[in-house]
Structure formats: structure tokens, C-alpha cells
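Below: one structure, written as C-alpha cells.
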Amino acid sequence: MSDVSIRSESGSGRALRVLIIVPAYNEEGSVGDVVREIREHLPDTVPVVIDDGSSDGTAVEAAESGARVVRLPFNTGIGTTVQTGFKLADREGFDVAVQVDGDGQHPPLEVTRLLEILRTTDANYVIGSRFAEETGYRAPIGRRGGITVFARLVSLLTGQQLTDTTSGLRAADRATIRLFAEHYPHDYPEVEALVLAKRAGLTIREVPVEMRHREAGRSSITPLKSAYYMIKVTLAVLVQFLGRNPTPKQ
Amino acid sequence: MNRLVLIGIIVAALVLVAVLWLIRSRRLQERHALFWIIGAIVIAVLGISEPALNAVSDALGIAYPPSALFLIVVAFLGLALLDAVITISKQTDRIRSLAQDVALLSEQVHAQSDADPHTTVRDPSSKPPER
């Protein structure tokens, strides 16, 4: 394991070790490009593809593009997949773990904006938001509605104005990595993770980012699943709000 | 002793024998076995003994004694199901956690077994770890 780092511009000279978590399930058509882009634009980071039991050539593509590849023995869902990345970051002492999607929606250069906020502010958990200000991204109309509902719900529960609670582009510092290595929601984790982080006393910030449309593969959210998604996430968020406060292990 | 009571005794005896056989062949853990044995005995006693059932239905304020028996059976099955679902949830969490550890450890093993850690994990399933 090489000691790859991003130079700190804050003058301390301390190098941050950054892990880029790329969860992928049957994304052989795009995962290689995602990794190559990360390696080109963010050469001081360590990309790791977490292959969630893919049945296609995802692991081979990922390895050939130069990423570390962690293969789950069977399909476990996005939450467990992403948490595997956080566990890796925790065990190997990474300072920052960035989560991007394996389908090429997130331009790697946007990651630097998230890292900048982590470095220069008190934020523990930085979310790349498609809506924090006007960007080129337009979500499909149905999803926009759902996204708005969750934004309201999470804002209400956390007391913080958040605009894009389903964004899959996020950066976590040590405290957040420790928390998520221990506790992370299992399916449809994006919204719940925010409430979890907030309740653990972590500081969340949003950064406006540009997103592209998907390169290959299909969104995991079909119209039929949307209803289940809405109900499940709402329930999970409410249950979590009733539960005990999670604390990051020391 | 009427025919129905006889059937009740036979069914209860069959359940007991089945539970004991499952314990012997180690397919049922004692914790669950105890639950099923006690349940089978209680239901058998209430099914066979009319005075016992009448006493229970009086205590519960149920006018028609067989309803009390059904209520107890449904409650018992509900508890058994809840116990099973709790067990499944716990097992699911553990399996998840094990899967994550297996994935992380096998990446480490394959990284160590090759000079270049970035090109080793082509197909871990087909490649035994080298010493």
C-alpha cells in the first residue's frame, strides 16, 4: 500500500491520504473509465472499486484500470458495499474517504471541491449537491419530487437546510469514517446516512457540483421501486430519529 | 373420551416426538426446542382437558372456550414467528459483516501474493493464494 496523498494548501504541509470509494454492481461498461478518470485528475488519491458481487466483468475492468478491487462474495446492496469502503478506510487509517458512483455520473474534478471544503472548514461530511445552486443537471421529474420531499424531511429532522439528500457524491473525514465503519444504513442509505451523521454530532456541509448523465448501465431506481423507496426511507429516517444516538468509536 | 380428544393426544404426541427427533439430529437448538415443547404441552393439555380450558377461558373473559384455545395457539405461533424473524435479522447482520471482512481480507491476501498489488485481483475465485 503506497502512501498516496493530496498536498495540503493550508500551510501545515500535512499530506491527506484520500481513499476514493467506487461502489459497482454490474458496471463493466463504465467502471474502468471512472477509475481512469480518477487516476488522471486525482493522482494523489487511492481509488478502490467495491464490487458488490457483480456477475459481469466489473472486477476485471476495475483491476485493469488500476484500481484496488474489493470483491464482496455475493450481492449485498449499496449500503453494505459503501460501508465496506469505509471499513477499509478506517482499518488503513485514511484521512478522507470519498464516495462516488460507479456509473460515471460524478466528474472526478468535482471531488477536489469537496476535499477543499473538508480541509478548510469545520465540516466532517461534505455532500456534493446538484441543487445547492443552479447547475446543468436536471433530474427526471419524478425523482425531483422525491428528492424535494426528502430534502424537507431531513431538513426538518436535522435542523439543517440540505438540498440534495440523495446525492451519491460525498466526502467523509476521520470521525465520519469511524462512525460509518461501525454504523451504516443498508439499503437506500443516502438519506439515512445524513441523519445518522447529524445525530452523531458531525457537521455536514453541501457543495454545489456539476453532474453528468449516466454513461452506461441503468439507474437502480425504477418507477415501481420508487414507491417502496419513498416509504422505506421515510420510515427508516423516522425510526432512526427515535433510536439512540450513535457515537463514533474512539 | 371422544374421538376429537384422541386426535388431539395423537397430534400433540407427534409434535413432541418430532421436536425430540429434531434435537437428536441437531437440527433444532435447545433454546427453540424448549419453546416448542412447552407450547405443544400447553396446547395439548387445553385441548384434552375441558375443565382446564374452561378455567382459562373464564380467566380471559371468553364466553366460548374453543376461542380461548385458538387465541392461545395464534399467540404461540405469533411469538414463534417473531423469534424466527429476530433470529433472521441477527444472522443477516452477521453474514453482511462477514462478507465485508472476507472481501477486505481476500483483497489483502491477493495484494500480498503478487509483486504489483494493483493487478492481482483478476479473478480471486479461480486463483489459489500463493505461499
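Just so we're on the same page: letters track the sequence lines, and every chain starts at 1.
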For A:Leu88 and B:Leu104 the tightest heavy-atom approach is CB-CD2, 3.7 Å
TODO: Evaluate the criterion side-chain contact (heavy atoms from CB on, under 4.5 Å) for residue pair B:Gln100 and A:Leu72; output intermediate values, then yes/no.
DONE: CA-CA 6 Å; B:Gln100 291 176 324; A:Leu72 286 158; 4.3 Å; yes
So side chain to side chain donor-acceptor pair (under 3.5 Å) across residues 51-65 of chain B, not counting sequence neighbours, yields none
For B:Phe70, the ring-ring contact (aromatic ring centres under 6.0 Å, His included) test, sequence neighbours excluded, returns none
Closest non-hydrogen atoms of B:Ala99 and A:Pro73, given as atom of the first, atom of the second and distance, are O-CD, 3.5 Å
ring-ring contact (aromatic ring centres under 6.0 Å, His included) filter on A:Phe86, not counting sequence neighbours, yields A:Phe180, A:Tyr184
Taken to the nearest 0.5 Å, the spacing of B:Glu107 CD from A:Asp51 CG works out to 12.0 Å
Separation between NE2 (B:His110) and CZ (A:Arg68), nearest 0.5 Å, reads 14.0 Å
Listed by number, the residues in residues 80-98 of chain B that come under 4.5 Å of chain A (heavy atom to heavy atom) are B:Asp93, B:Ile95, B:Arg96, B:Ser97
